[in-house]
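The structure appears below as structure tokens.
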2 protein chains.
Amino acid sequence: MTGVRKQKAAQTEAALKEAARRLFVERGYLNTKITDITKAAGRSTGSFYEHFADKDELLAGLLADMRGQASEQIVAEHPREHDLTDREVLKAHLGMAWGVFREHLPVVVALFQSMVADEPGSGRAWRDLTADTEMLREHLEWLEERGHRLPGAPGILAPAIGAMLAMLAYAVMTAADGGPEMADEEIVEALTGLVSGGLGAFGASRMPG
Amino acid sequence: MTGVRKQKAAQTEAALKEAARRLFVERGYLNTKITDITKAAGRSTGSFYEHFADKDELLAGLLADMRGQASEQIVAEHPREHDLTDREVLKAHLGMAWGVFREHLPVVVALFQSMVADEPGSGRAWRDLTADTEMLREHLEWLEERGHRLPGAPGILAPAIGAMLAMLAYAVMTAADGGPEMADEEIVEALTGLVSGGLGAFGASRMPG
DNA sequence: GTCTATACCGGGATAGAC
DNA sequence: GTCTATCCCGGTATAGAC
């Protein structure tokens, strides 16, 4: 039976992925060479190409793993009601996003680097950002339809909030030391306050004149 | 006199910088090779090294140019009062930052890519982010000392706002087309509303229970 | 200072034995 | 499927003529 072979192959693939995850956090996606990965995994260079066409495909694999893992828990926990003007609901959302970043840091780092390294002319940053915050945008639109007054168009607020979350998480989680001496909980709390105030309190006219 | 030589050299250096600026926006800093720059500038490869040790040094030069230009106008326009709870003051600040990003896009793109491409383990992202938002942090601390209640520590709010601004600007300004069909003014207005509400309205307890 | 030519090397990718 | 050995190219950086 070929089961043994398959198993061994699966082991190698897993080893490569595992090594990649580790290296992506330490050195980053861009600076990690394929040979670094194979070396760290204790395999040969040639073996890599039996499993992945290139580094991008490996990343895609990691991403798929993450989605498979994360989507379950998210769907399970995801509240049906989405009144983001409710401070606690908002905080739950932000906290969940932050937690996913934290848990899948290798993939997050890799994706972030890969996105930014792309040709600016490709417009990929904007595309990714809007795609990843689509759900948030819809929630905001829903609020608007219900008569809630937002400080701006959902089409810009959602990407803005997503940008803040992603960039800040990247910075905080890769801060070797000397980062914010602050627990994740505190950070999420602060962000919640910032966003919550902006989204919710807009009716209270602070307009001059 | 050697003035003629010097002048020619200065011309070459300027040409290289100018070409670099153009290419950085189109292809990005990382994807632009030294040979691309010299080619675009109509100079030879070897000539490059007469002016810069490497690509990093060229970027440092561009950055210096930008600072020299920007600091004047900023200092000139910078209001002495910094009550960021005043919506218009806040908007002026955000608008100014956005304008600098827009005007010096090549340098901004290059710095951003360079920052993100660094080894995550270096912690550079957090270091840069805190350094670039130091002034904002001080303003927030000043507010706090005066008894104003913020939604979180200035040490995290300032980087958070900076992260939002930087990442969003990068995404928006490199969005080939299909970006937000929105003028800069509208974007700044929306961001102002978002941040202003968060910073200012916190007293109004929206706490549950 | 600027050019042409080239040395040099890192690293992606493949060939072919096992 | 995995290995070793190698090809090969892009791109940095330098040498030396002008």
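Computed from a prediction, not measured in an experiment: that's the story for all the values here. Just the heavy atoms: all of them, side chains too, but no hydrogens, waters or symmetry mates, feed the values below.
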**Report entry** Listed nucleotide nearest any side-chain atom of A/Ser44, set C/dG1, D/dC3, C/dT4
**Finding:** D/dC3
**Report entry** Cationic N near anionic O, under 4.0 Å, A/Arg22 to A/Glu18
**Finding:** no
Side chains of [X] and [Y]: closer than 4.5 Å at any heavy-atom pair?
X        : Y        : result
A/Glu144 : A/Pro154 : yes
B/Leu16  : B/Phe52  : yes
B/Trp142 : B/His148 : no
B/Leu111 : B/Tyr29  : no

Query raised in the report: Residues in salt bridge (charged side-chain N to carboxylate O under 4.0 Å, His left out) with A/Arg43, at least two apart?
Result: none
Report task. Name every residue in residues 16-35 of chain A that has at least one heavy atom under 4.0 Å from any atom of DNA chain D, in order of residue number, or write none if there are no such residues. Result -> none
Query raised in the report: For DNA chain D, what residues of residues 45-61 of chain A have any heavy atom nearer than 4.0 Å?
Result: A/Gly46, A/Ser47, A/Glu50, A/His51
Query - Side-chain H-bond candidate by donor/acceptor type, A/Arg124 with B/Thr174, under 3.5 Å - result: no
Query raised in the report: Whole Å only: how far is the NZ atom of A/Lys39 from the C1' atom of C/dG10?
Result: 11 Å
Requested in this report: Step by step, work out the side chain to side chain contact (heavy atoms under 4.5 Å, CB included) result for A/Gln113 and A/Tyr170.
Outcome: CA-CA 10 Å; A/Gln113 286 198 334; A/Tyr170 182 86; 3.6 Å; yes
